[in-house]
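Taking it in order: structure first as structure tokens, then the write-up.
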Amino acid sequence: MATDFKSIPVIDVAPLFAKCDDPKMVQDPGVREVVKQLDQACREAGFFYAKGHGIPETMVKEVRNITHKFFDLPYEEKLKIKMTPAAGYRGYQRIGENITKGVPDMHEAIDCYKELKQGMYGALGKPMEGCNQWPHYPPNFKELMEKYISLCTEVSRKIMRGIALALGGSPDEFEGERGGDAFWVMRLIGYPGASTANGKCTSENDIGCGAHTDYGLLTLVNQDENITALQVRNQAGEWISAPPIPGTFVCNIGDMLKILSNGLYESTLHRVINKSPTYRVCVAFFYEPNYDAAVEPLEVCVRKSSGIRKFEKAVYGEHLVSKVQTNFVT
């Protein structure tokens, strides 16, 4: 359960990553310290910064830079990869097409998903079937993003092994039928500066992305430096800023981990308000369960909750489709 936290903790995950696939990882003092910090962060805030993750800072920056270059293109060029339901909800959305709780968001975006082959999950997968729409310009966009996605997938898998231990389970709790073939989502998001959104600096009304929780297990946020726009709500209802810290990802847990933890870990509300006059880019990578995973509280977490099972079973793919189909104006 989120507390009245006033700041978001920074966790060096390098000791966990160094031993992550070692059968004796749980006995390692460095791993145990990281696991303890992950547990505290997930219980108290649902958010943390991860440093020591191993993805080169040059690549993290290049992903943001190439995203800026795409959003700088003329509108007609961006529309060449327009998102539609027929494209499996993949592609470009203009400002105001993304909806959070009925209100248009002041951002534009490219949405990408792990590609689902036709018939792979039957009716469950049909709405999300399709190939990602990558722009032809800037050059090498697809190649860079696919490499980045691969690296983010591995970082997420390793953090989830630490979180599994934090919950009192085995390191591979989130593999196999739950997440051994993890689905992923990536959103490349551009937020106009406050002065250009509507001609005046009333940015409180121009919410880049309204208050929401994430759908899956774990989110890695790669945000522009020198612009503080991400805000996280604590239990008292205060909005706590998550300023960019070079060399880190902002990480937060999603709805599926809330269910798996039986509510021991909360998926915390967060929003984006860009009060800066500068255009801001954020690349959010969402690590999810298997598309067809039936997600329910882990037995170890039920035992920690006096044997009370607080959540019903949820099929991840159904949860995703229900959100996607109400989130966009097409």
Which residues pass the side chain to side chain contact (heavy atoms under 4.5 Å, CB included) test with [X], sequence neighbours left out?
X: I95; value: M106, E108, P192
X: T228; value: S241, P243, P244
X: D12; value: A14, P15, K51
X: R280; value: Y191, Q223, D224, I227, A229, L230, V272, N274, C282

Could you grab the distance from atom [atom1] of [X] to atom [atom2] of [Y], nearest 0.5 Å is fine?
X: M145; Y: I66; atom1: CE; atom2: CD1; value: 6.0 Å
X: L116; Y: R90; atom1: CG; atom2: CZ; value: 6.0 Å
X: I159; Y: C42; atom1: CD1; atom2: SG; value: 9.5 Å
X: I240; Y: H270; atom1: CD1; atom2: NE2; value: 15.0 Å
X: M120; Y: E129; atom1: CE; atom2: CD; value: 9.5 Å
X: Y287; Y: F174; atom1: OH; atom2: CZ; value: 10.0 Å

- Item | Set of side-chain hydrogen bond (donor to acceptor under 3.5 Å, both in side chains) partners for S261, sequence neighbours left out |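 side-chain hydrogen bond (donor to acceptor under 3.5 Å, both in side chains) check on S261 returns nothing, list empty.
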
Hey, does the side chain of [X] reach the backbone of [Y] with a donor-acceptor pair shorter than 3.5 angstrom?
X: Q325; Y: S322; result: no
X: D28; Y: V31; result: yes
X: K304; Y: L167; result: yes
X: N132; Y: Y113; result: yes
X: S267; Y: D214; result: no
X: T67; Y: V63; result: yes
X: N234; Y: A236; result: yes
X: Q133; Y: K82; result: yes

- Message: So if I apply the side-chain contact (heavy atoms from CB on, under 4.5 Å) rule between F285 and each of V221, N222, T219, T153, which one comes out positive?
- Response: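 Testing F285 for a side-chain contact (heavy atoms from CB on, under 4.5 Å) against V221, N222, T219, T153 leaves exactly one candidate, T153.
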
- Task: Quick one: sort the F71 and Y92 rings into parallel, tilted or perpendicular, breaks at 30° and 60°.
- Result: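 Answer is tilted, since the angle falls between 30° and 60°.
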
- Query: Taking side chain as C-beta onward, heavy atoms only, is V185 less than 4.5 Å from D111?
  - Reply: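 A side-chain contact is absent here, since even the closest heavy-atom pair is not under 4.5 Å.
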
- Query: Got N262 and F311 here, is their nearest side-chain heavy-atom distance under 4.5 Å?
  - Reply: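 Sidechains of F311 and N262: in contact.
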
- Message: Test: side-chain hydrogen bond (donor to acceptor under 3.5 Å, both in side chains). Region: residues 13-27. Which pairs qualify, not counting sequence neighbours?
- Response: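 The answer is D21-R157.
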
- With sequence neighbours left out, which residue pairs that include part of residues 288-300 fulfil the side-chain hydrogen bond (donor to acceptor under 3.5 Å, both in side chains) condition?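 For residues 288-300, and leaving out neighbouring residues, the side-chain hydrogen bond (donor to acceptor under 3.5 Å, both in side chains) pairs sorted by first residue read E288-Y316, E299-R309.
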
- Item | R64, CZ atom: more than 12 neighbouring heavy atoms under 6.0 Å |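 Buried by this count: over 12 neighbours within 6.0 Å.
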
- Item | Charged N-O contact under 4.0 Å between E57 and K61 |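 Result for this pair is no, no salt bridge flagged.
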
- Would you call R178 and E175 a salt bridge, taking side-chain N to carboxylate O under 4.0 Å as the test?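 Not counted as a salt bridge, because no side-chain N and carboxylate O are separated by less than 4.0 Å.
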
- Indicate, with yes or no, if I163 and V302 share a hydrophobic cluster defined by side-chain heavy-atom contacts under 4.5 Å among Ile, Leu, Val, Met, Phe, Trp and Tyr.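 Not linked; separate clusters.
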
- Item | Same apolar cluster: F70 and Y75, side chain cutoff 4.5 Å |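 Yes, because F70 and Y75 connect within a single hydrophobic cluster, where side-chain heavy atoms sit under 4.5 Å apart.
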
Residues forming a salt bridge (Lys or Arg N to Asp or Glu O under 4.0 Å) with [X], sequence neighbours excluded:
X: E62; answer: none
X: D39; answer: R43
X: K126; answer: none
X: K69; answer: none

- R187 and Q93: side-chain donor and acceptor closer than 3.5 Å?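 The answer is yes; a qualifying pair exists.
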
- Query: Taking only residues two or more places apart in sequence, or in another chain, which ones meet H53 in a ring pair (Phe, Tyr, Trp, His ring centres under 6.0 Å)?
  - Reply: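 Partners of H53 by the ring pair (Phe, Tyr, Trp, His ring centres under 6.0 Å) criterion, ordered by chain and then number, come out as F249.
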
